[in-house]
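For reference, the structure discussed in these notes is given below.
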Amino acid sequence: MSLKFISFGIFIILVITIIYMTMQSNQENFSIYDDFKKSLNTINRKVRKDTWSYYIADTNIKNWILSLIRSKNCKNLFISDEIYYGHPDLEFNYSHTMSNKIIISNRDYKALEDYYSRRDDNAVYNLGSLIIHESVHIDQRYNYEKYKQLYKLWGYIFEDVQNINVLLQTKRQNPDALDDDVIWSDGINYYFINCFYNKHNLSKDVIKYAYKLSRNGNTFSYDGEEGILLENLKSYNDFFGKIHSNYTPNEICAEYTEIVFSTCLYGNTEFDTPAYRIFKKYFEY
């Protein structure tokens, strides 16, 4: 048997081994997204990449930022230590959660690496808040009933909506929450609120809309009314306040927790709304 033939055989074995190991390493990534993948609507499937991957954060970097956060002794904050980072194409390079894992965006992880290389404790003021925010989403996923009780105090109702599929065609399916049955009421009107794609100009950009619902007894339905820009829904904004992530109760709660963390770091905050006061009382912040 020639040396050339043996070398070729070894090369083929190595290639097969690498392919097998890659498939095995990706198996968990896909299984985490299985249920979510099935729920994606037509537009979301077009926008999202067909493959997802994430990577284990450097242990020293992870332990360093977690130690900084915990050294602030902010009470009653859940902090997850399951920290990974994502490929630039994963979730449009936004930080998010999968299962019990925080997936820091590739962009944010590079910033964290830079902070760590300089041992710059200012990381806690920027990326610390990010980790706190995503930790809330982990806790929501596994203890949702606890959060739902708060959300009901905020005016949320959890019921199916008839004709909701019309809106789900363009709704952004957020990996941090299943929120297709979340309705908000100001005491008079009922709304389905979320982020929506422009189906005529498909991109990662979304617009926050509130769609008015009709109610007949305990039955809610979407009857085709045009959406209201969320920034123009005065009763909603007066109640929750001007925050960035204001389109679902899960996101509002996570952003409020960031404000609590910021207050712990800097002292008192000027932010004060009816919903925020209910939130602080509920969690004893």
Side-chain angles (χ1 to χ4, degrees), residues 28-30 32-33 36-37 40 44 47-49 51-70 72 74 77-117 120-144 147 171-179 194-195 197 203-206 208 243-262 264-265:
E28 181 187 3
N29 299 358
F30 287 116
I32 288 172
Y33 253 113
F36 176 56
K37 201 173 171 186
L40 291 177
N44 290 358
V47 191
R48 181 184 296 280
K49 300 293 184 181
T51 58
W52 302 283
S53 55
Y54 61 85
Y55 314 102
I56 299 173
D58 180 274
T59 300
N60 292 327
I61 295 176
K62 179 183 77 170
N63 290 341
W64 176 73
I65 187 63
L66 290 174
S67 177
L68 283 179
I69 295 171
R70 290 178 172 133
K72 301 303 177 181
C74 302
L77 292 181
F78 171 71
I79 306 167
S80 173
D81 59 2
E82 293 290 332
I83 297 178
Y84 297 74
Y85 69 98
H87 184 277
D89 287 342
L90 181 62
E91 277 303 312
F92 310 121
N93 212 7
Y94 298 147
S95 294
H96 61 286
T97 63
M98 286 197 283
S99 184
N100 67 334
K101 298 173 175 60
I102 294 175
I103 313 296
I104 297 177
S105 73
N106 179 273
R107 176 181 54 249
D108 290 333
Y109 187 70
K110 286 182 176 178
L112 180 57
E113 286 182 314
D114 182 57
Y115 277 117
Y116 177 74
S117 69
D120 184 350
D121 290 359
N122 285 316
V124 76
Y125 298 100
N126 299 315
L127 297 171
S129 291
L130 168 68
I131 290 170
I132 291 295
H133 180 110
E134 301 302 340
S135 291
V136 173
H137 289 323
I138 299 291
D139 197 35
Q140 288 164 341
R141 181 170 287 130
Y142 292 98
N143 299 287
Y144 193 45
Y147 289 89
K171 173 182 170 288
R172 160 98 162 97
Q173 294 289 354
N174 189 332
D176 293 323
L178 295 174
D179 49 21
N194 220 290
C195 289
Y197 295 109
S203 72
K204 68 179 181 180
D205 296 324
V206 292
K208 302 172 189 175
I243 57 175
H244 175 70
S245 299
N246 66 337
Y247 53 94
T248 67
N250 269 10
E251 291 295 341
I252 293 168
C253 189
E255 186 136 340
Y256 279 0
T257 308
E258 282 192 69
I259 295 171
V260 167
F261 182 62
S262 178
C264 175
L265 296 180

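Given the structure is predicted, the values throughout are model-derived calculations rather than measurements. Computed from heavy atoms alone, side chains included, the values below leave out hydrogens, waters and symmetry copies.
- Using a 3.5 Å distance cut-off with no hydrogens or angles, the side chains of Asn194 and Lys208 do not pair a donor with an acceptor.
- The backbone N or O of Ser105 lies less than 3.5 Å from a partner atom in the side chain of Ser95, making a donor-acceptor pair.
- Listed by chain and number, the residues in a ring-ring contact (aromatic ring centres under 6.0 Å, His included) with Tyr247 amount to none (sequence neighbours excluded).
- If you take OG1 on Thr248 and CG on Leu178, they are separated by 11.0 Å, rounding to the nearest 0.5 Å.
- Between Tyr55 and His87 the shortest side-chain heavy-atom distance falls below 4.5 Å.
- Between Tyr116 and Trp64, the two ring planes are perpendicular [angle over 60°; tilted spans 30° to 60°].
- The line from CD1 of Ile102 to OG of Ser80 is 4.5 Å long, rounded to the nearest 0.5 Å.
- Leu265 and Val124 get closest at one heavy-atom pair: CD1-O, 4.0 Å.
- In plain terms, the two heavy atoms of Thr257 and Cys253 that are nearest each other are OG1-O, 2.8 Å.
- Using modelled atom types, no side-chain atom of Ser99 and backbone atom of Lys101 make a donor-acceptor pair closer than 3.5 Å.
- With a 4.5 Å cut-off on side-chain heavy atoms, Lys110 and Asp114 do not count as touching.
- Using modelled atom types and a 3.5 Å distance limit, the side chains of Asn126 and Tyr115 yield a donor-acceptor pair.
- Note: Leu130 CG to Ile132 CD1 = 10.0 Å, rounded to the nearest 0.5 Å.
- Summarising the geometry, atom OH belonging to Tyr125 is positioned 13.5 Å from atom CG belonging to Leu127; distances are rounded to the nearest 0.5 Å.
- For the residue pair Glu251 and His137, a side-chain donor N or O sits within less than 3.5 Å of a side-chain acceptor on the partner.
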(request) Take Ile259 and Ile243 through the test side chain to side chain contact (heavy atoms under 4.5 Å, CB included) and record every step on the way to the result. (result) CA-CA 10 Å; Ile259 295 171; Ile243 57 175; 4.3 Å; yes

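- Counting only N and O atoms by type, the side chains of His133 and Glu258 include a donor and acceptor under 3.5 Å apart.
- Taking every heavy atom of both residues into account, Gly86 and Asn106 meet most closely at O-CB, 3.0 Å.
- Looking only at atom types and distance, the side chain of Tyr197 has no donor-acceptor partner in the side chain of Asp205 under 3.5 Å away.
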(request) Please assess Glu91 against Arg172 for the test salt bridge (charged side-chain N to carboxylate O under 4.0 Å, His left out), listing each intermediate value before the final yes or no. (result) CA-CA 11 Å; Glu91 277 303 312; Arg172 160 98 162 97; 2.6 Å; yes

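- Side-chain contact between Ile79 and Arg70: present, with at least one pair of heavy atoms (C-beta onward) separated by less than 4.5 Å.
- Remark: side-chain polar atoms of Ser135 are paired, donor with acceptor, to backbone N or O of Ile131 under 3.5 angstrom.
- Under 4.0 Å is where a charged nitrogen must lie from a carboxylate oxygen, and between Arg141 and Glu134 no such pair does.
- Between Tyr109 and Tyr85, the two ring planes are parallel [angle under 30°; tilted spans 30° to 60°].
- Of the inter-residue distances, the one linking Ile104 atom CD1 with Asn93 atom CG reads 12.0 Å to the nearest 0.5 angstrom.
- Considering CG of Asp139 and CG of Asn250, their distance stands at 10.5 Å, rounded to 0.5 Å.
- Counting heavy atoms from C-beta outward, Cys195 and Lys171 have side chains that stay 4.5 Å or more apart.
- No donor-acceptor pair closer than 3.5 Å links the side chain of Glu82 to the backbone N or O of Asn100.
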